[in-house]
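First up is the structure itself, then whatever we jot down about it.
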Amino acid sequence: CRHGPAGRWWAAVTAEQSPDDQHETQRLLDTFEPPHGDRRQELVLIGIGMDPAALARMLDACLLNDDEMAAGPGEWRSYPDPFPDWLPDEADRAA
């Protein structure tokens, strides 16, 4: 099991860093959702004999409830973060 950053969001890069290929650019733009563009988190689970319903229940239990969501970002910052700080890899440092 591992976690980590998978690169930059296209919505956060400069025009010079964007793909030159028109089809690739359109494919990326098709994934954009207002107001955040392609900024989202994705989980990829690969394994044998996994129980999709059980996994969905466990992941759903990690979501904020209505009261927590309504509390907003100021309150969210006070919640414990179980993940260590992520350091950029060499490719991100060069960009």
Notebook entry, point to check: Rounded to the nearest 0.5 Å, how far does CG of L63 lie from CD of E68?
Noted result: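 The CD atom of E68 sits 10.0 Å away from the CG atom of L63.
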Check: How many angstroms lie between CG in D67 and CE in M69, if you round to the nearest 0.5 Å?
Finding: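 Reported value, rounded in 0.5 Å steps: 12.0 Å.
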Donor-acceptor pairs under 3.5 angstrom involving side-chain atoms of residues 55-62: please list them, not counting sequence neighbours.
none

Exercise: identify the closest heavy-atom pair between [X] and [Y]:
| X | Y | result |
| --- | --- | --- |
| G37 | A11 | CA-CB, 4.2 Å |
| W9 | D38 | CD1-O, 3.2 Å |
| M50 | L45 | CE-O, 3.6 Å |

Item checked: Sub-4.5 Å side-chain heavy-atom contact between T14 and Q17 ->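 A side-chain contact under 4.5 Å exists here.
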Next item on the list: Kindly indicate whether the side chain of S18, heavy atoms from C-beta on, has any atom under 4.5 Å from the side chain of T25.
Entry: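 Side-chain contact under 4.5 Å: no.
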Next item on the list: Could you list the residues that satisfy side chain to side chain donor-acceptor pair (under 3.5 Å) with R77, not counting sequence neighbours?
Entry: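 R77: no side chain to side chain donor-acceptor pair (under 3.5 Å) contacts found.
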Checklist line | Residues, nucleotides or ligands: over 12 heavy atoms within 6.0 Å of Q22 CD | finding: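 Result for CD/Q22: open.
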Item checked: Over 12 non-hydrogen atoms of neighbours within 6.0 angstrom of CG in D66 ->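 Not buried by this count: 12 neighbours or fewer within 6.0 Å.
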Note to self: Clusters formed by hydrophobic residues whose side-chain heavy atoms approach within less than 4.5 Å: which one holds V44, and what are its other members?
What the structure shows: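 Direct or chained contacts put V44 with I46.
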Check: Under 3.5 Å, is there a donor-acceptor pair between the side chain of W10 and the main chain of P19?
Finding: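 Such a contact is absent between W10 side chain and P19 backbone.
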